[in-house]
Amino acid sequence: MATLDLKQIRKTYPKAAQETLKGIDISIESGEFLILVGPSGCGKSTLMNTIAGLEDISSGHIVIDGREVSQVEPKDRDIAMVFQSYALYPNMTVYGNIAFGLKIRKMADKEINAEVQRVAKMLQIDHLLDRKPSQLSGGQRQRVAMGRALARRPKLYLFDEPLSNLDAKLRVEMRHQIKRLHQQLNTTIVYVTHDQIEAMTLADRIAVMKDGEVQQLGTPNEIYATPNNMFVASFMGSPSMNFIREVVCLSAEKQPFIEVHDHAGAKQRLMLPSWLAEHANREIVIGLRPEHITCELNHLDNESAIEPSISLSLDVLEPTGPDTIAMFSLNGEEVACRLAPDFVAQTGQVVPLKFDMTKAVFFDASSELRLSAG
C-alpha cells in the first residue's frame with residue numbers, strides 16, 4: 001500500500017496547440033481506490049501513463065509514499081499496471097506469465113511457485129496454469145493479467161480500462177472480482193475508465209476529467225448528488241440528469257418558482273427553495289435525475305415536498321427490466337423519467353408526473369456552475 005500525490009501535473013506535447021494536462025492536483029490515501037473518468041480525449045489515460053512513467057511530465061511532481069518519482073524510470077517506481085489489451089506473452093503458459101516479473105527480480109523458484117499458486121487461487125485460475133493465452137476466454141486472460149500484477153506486490157496498482165474488451169456479462173463479473181480483491185488486499189489503486197457504472201460501483205473517490213482538468217473530485221455519492229457543474233451532472237448517471245432552463249419568478253408571497261407547461265399548454269408552477277429568490281428574473285438551470293420525476297407517489301406518507309402532478313404527453317417508452325425509462329417534452333426540453341418496471345403506456349398518452357424538488361440541483365445558466373444557498 002502507498003500514498004500517491006500528484007502536484008500541479010502538466011503535460012504538453014511538442015506539436016500540440018494546447019496542454020493535455022492542465023495542473024492536476026490529486027492526493028490518494030494508502031489503500032484508496034481512485035477512478036479517473038471522463039470522455040475520450042480528456043487526458044485520463046495520459047495522466048495514468050505519467051504516473052507509470054510511460055510518459056514524461058512537462059512540470060509538476062509525482063510523489064509515491066513520500067518519494068519524488070517524476071524522473072524515476074518506470075521499473076524503479078514499484079508500480080504494476082494492467083492494460084486494456086492484457087499484454088500477455090503468447091508463447092508462455094499462464095504460470096509463466098504470472099511468474100515472469102518474479103523471475104526478472106531473481107526470486108527463488110520455491111518462492112515464485114508459492115506466489116503464483118497464491119495469486120492463481122485468489123483469482124480462481126489455478127486450474128488454468130498450464131494453458132497458453134490463446135486457449136483462454138477474454139475474462140480468463142484479464143484475470144491472468146491481473147494475476148501478473150498482483151504477484152509483484154507493488155506499492156501501487158494502475159488499471160487502464162481493463163474491462164473495455166469484455167462483453168456485458170463478463171464486465172459485471174470482473175467488476176465484482178476487482179471489488180472483492182480490493183477489499184481483501186486493501187491495495188492502493190488508480191483506475192481509468194469511461195464507464196460511469198464502473199466508476200460508481202468500484203471507487204472510493206472519483207475524479208471526473210474534461211479537457212485536461214479535474215472538474216470534480218469526490219465520493220460516488222457526492223459526484224452523483226451534488227455535481228459541481230453541468231458537465232459532471234450530465235456525464236454521471238444513465239440516463240443523464242435532466243436540465244430545465246427557465247427564468248426564476250416570484251409569487252405574491254415572494255416565493256421563487258418557474259413556470260412549466262403541461263400537455264395542453266396550460267401554465268403550472270414548480271416551486272423552488274426560498275434562497276433562489278435572490279436570483280429572481282434571472283435564468284437558471286434546474287437539474288433533476290430521472291428517478292426524481294415519476295408517477296403518482298401514493299406509497300409515500302408525506303408528499304408535502306413533492307410538487308402537484310403535471311400531465312405530460314409520452315414521447316418514448318424504454319423498458320429496461322428493473323425499471324422503465326419514459327421520455328417526455330417539458331418546455332421544449334426532452335426529459336427522462338424512471339418509472340416502475342410494469343408501467344405500460346402508449347405514445348401520446350397523457351401521464352401525470354410528480355417532481356421531487358427536494359432532490360433538485362441548481363446551476364447558473366451562464367457559467368454552468370452549481371448554485372448554493374448563501
Side-chain angles (χ1 to χ4, degrees), residues 3-11 18-29 31-51 60-62 158-161 175 179 182 188-245 273 275-276 284-292 336 358-374:
T3 59
L4 172 65
D5 292 294
L6 306 177
K7 302 177 180 180
Q8 279 297 296
I9 303 299
R10 295 183 180 275
K11 174 67 178 178
Q18 60 183 18
E19 287 183 308
T20 302
L21 300 176
K22 305 173 183 178
I24 304 293
D25 282 303
I26 300 175
S27 290
I28 303 169
E29 296 297 324
E32 187 173 13
F33 198 132
L34 176 81
I35 286 190
L36 305 175
V37 68
S40 299
C42 71
K44 57 186 185 297
S45 289
T46 300
L47 181 59
M48 174 76 85
N49 288 336
T50 63
I51 297 170
H61 302 277
I62 302 172
L158 306 179
F159 289 79
D160 189 7
E161 301 202 47
R175 227 173 38 227
K179 185 84 169 181
H182 182 248
T188 305
I189 295 175
V190 181
Y191 187 111
V192 164
T193 184
H194 64 272
D195 188 320
Q196 56 184 281
I197 296 178
E198 282 180 35
M200 292 293 292
T201 55
L202 290 174
D204 293 320
R205 285 193 300 161
I206 298 171
V208 183
M209 295 184 64
K210 177 189 177 188
D211 297 333
E213 297 178 303
V214 175
Q215 300 292 308
Q216 186 169 355
L217 176 63
T219 66
N221 184 62
E222 289 169 344
I223 296 290
Y224 190 78
T226 55
N228 279 354
N229 55 47
M230 288 176 62
F231 171 78
V232 176
S234 63
F235 191 81
M236 301 302 293
S238 180
S240 61
M241 180 177 281
N242 297 299
F243 296 127
I244 305 168
R245 186 181 294 264
W275 60 268
L276 281 168
I284 66 168
V285 179
I286 297 98
L288 276 169
R289 295 286 181 192
E291 58 267 30
H292 302 142
T358 65
K359 301 296 195 303
V361 186
F362 305 96
F363 303 95
D364 181 86
S366 299
S367 69
E368 299 191 349
L369 298 177
R370 179 165 51 88
L371 299 170
S372 57

Engineer: Could you tell me how the ring of Tyr191 sits relative to the ring of Phe33: parallel (under 30°), tilted (30 to 60°) or perpendicular (over 60°)?
Structural biologist: tilted
Engineer: Would Arg370 pass as a cation-pi partner of Phe362, given that its NZ or CZ must be under 6.0 Å from the six-membered ring centre and within 45 degrees of the axis?
Structural biologist: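 No cation-pi geometry.
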Engineer: Flag the pair Ser45 / Asp160 as yes when at least one side-chain heavy-atom distance between them is below 4.5 Å, and no otherwise.
Structural biologist: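 Ser45 reaches Asp160 side chain to side chain.
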Engineer: Grab the two heavy atoms, one from Ala360 and one from Ile286, that are nearest each other, plus how far apart they are.
Structural biologist: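 Nearest heavy atoms, Ala360 then Ile286: CB-CG2, 4.0 Å.
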Engineer: What verdict does the side chain to side chain contact (heavy atoms under 4.5 Å, CB included) test give for Thr201 and Arg175, after you've listed the backbone C-alpha separation in whole Å, the side-chain angles of each residue and the deciding distance to 0.1 Å?
Structural biologist: CA-CA 8 Å; Thr201 55; Arg175 227 173 38 227; 3.4 Å; yes
Engineer: How many angstroms lie between atom CG of Leu4 and atom OG1 of Thr188, to the nearest 0.5 angstrom?
Structural biologist: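 Rounded to the nearest 0.5 Å, the CG-OG1 separation comes out at 8.5 Å.
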Engineer: Kindly compute the distance separating OG (Ser366) from CD1 (Ile284), expressed to the nearest 0.5 Å.
Structural biologist: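 If I round to the nearest 0.5 Å, the distance is 12.0 Å.
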Engineer: Verify whether one side chain among Glu198 and Thr193 offers a donor that lies under 3.5 Å from an acceptor in the other.
Structural biologist: yes
Engineer: Does any part of the side chain of Leu34, heavy atoms only, come nearer than 4.5 Å to the side chain of Ile189, both counted from C-beta?
Structural biologist: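 In short, these two side chains do not touch, never coming nearer than 4.5 Å.
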Engineer: Please give me the minimum heavy-atom distance between Phe243 and Ala233, naming the atom from each residue.
Structural biologist: CZ-CB, 3.9 Å
Engineer: Side chains of Asn49 and Thr46 only: does a donor on one sit below 3.5 Å from an acceptor on the other?
Structural biologist: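 Asn49 vs Thr46: no donor-acceptor pair found between side chains.
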Engineer: Can you see which heavy atom on Gln196 is nearest to which on Phe235, and at what distance?
Structural biologist: NE2-O, 3.2 Å
Engineer: Are any of the side-chain heavy atoms of Val214 and Asp25 separated by less than 4.5 Å?
Structural biologist: no
Engineer: Taking side chain as C-beta onward, heavy atoms only, is Lys11 less than 4.5 Å from Glu19?
Structural biologist: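 Not in contact.
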Engineer: Measure the spacing between CG of Leu288 and OG1 of Thr358 and express it to the nearest 0.5 Å.
Structural biologist: 9.0 Å
Engineer: Please examine the side chains of Thr3 and Ile28, heavy atoms only from C-beta on, and report whether any two atoms are closer than 4.5 Å.
Structural biologist: no
Engineer: Search all heavy atoms of Arg289 against all heavy atoms of Asn242 and return the closest pair with its distance.
Structural biologist: C-ND2, 4.1 Å
Engineer: Heavy atoms, side chains only, cut-off 4.5 Å: are Met200 and Pro220 in contact?
Structural biologist: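 Yes - at least one pair of side-chain heavy atoms lies under 4.5 Å apart.
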Engineer: Side-chain contact, heavy-atom cut-off 4.5 Å: Leu6 with Leu47?
Structural biologist: yes
Engineer: Is there a donor in the side chain of Gln8 and an acceptor in the side chain of His61, or the other way round, less than 3.5 Å apart?
Structural biologist: no
Engineer: Set out, in order, the CA-CA distance, both residues' side-chain angles and the distance that settles side chain to side chain contact (heavy atoms under 4.5 Å, CB included) for Leu158 and Ile51, then state yes or no.
Structural biologist: CA-CA 9 Å; Leu158 306 179; Ile51 297 170; 4.0 Å; yes
Engineer: Hey, does the side chain of His182 reach the backbone of Gly31 with a donor-acceptor pair shorter than 3.5 angstrom?
Structural biologist: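 Looks like yes, one N/O pair under 3.5 Å.
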Engineer: Check this for me: does any side-chain nitrogen of one of Glu213 and Lys22 sit under 4.0 Å from a carboxylate oxygen of the other?
Structural biologist: no
Engineer: Measure across Asn228 and Gln216 and return the closest heavy-atom pair with its distance rounded to 0.1 Å.
Structural biologist: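 Closest approach of Asn228 to Gln216: N-OE1, 2.6 Å.
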Engineer: Mind running side chain to side chain contact (heavy atoms under 4.5 Å, CB included) on Thr219 and Ile206 for me, showing each step along the way?
Structural biologist: CA-CA 6 Å; Thr219 66; Ile206 298 171; over 6 Å; no
Engineer: From His292 NE2 over to Lys359 NZ, what is the distance, rounded to the nearest 0.5 angstrom?
Structural biologist: 5.0 Å
Engineer: I need the Asp211 CG to Leu21 CG distance, nearest 0.5 Å.
Structural biologist: 11.5 Å
Engineer: Which pair of non-hydrogen atoms, one from Phe231 and one from Gln215, has the smallest distance, and what is that distance?
Structural biologist: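 Shortest heavy-atom separation between Phe231 and Gln215 comes out as CD2-CG, 3.9 Å.
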Engineer: Is it the case that atom CD1 in Ile197 sees more than 12 heavy atoms from other parts of the structure closer than 6.0 Å?
Structural biologist: no
Engineer: Any salt bridge linking Glu32 with Arg205? Criterion: basic side-chain nitrogen under 4.0 Å from a carboxylate oxygen.
Structural biologist: yes
Engineer: Answer yes or no: is there a donor N or O on one side and an acceptor on the other, between the side chain of Lys44 and the main chain of Gly38, under 3.5 Å?
Structural biologist: yes
Engineer: So do Ile24 and Met209 actually touch side chain to side chain, heavy atoms under 4.5 Å?
Structural biologist: yes
Engineer: Checking side chain to side chain contact (heavy atoms under 4.5 Å, CB included) for the pair Val190/Leu36: CA distance, chi angles, key distance, verdict?
Structural biologist: CA-CA 7 Å; Val190 181; Leu36 305 175; 4.0 Å; yes
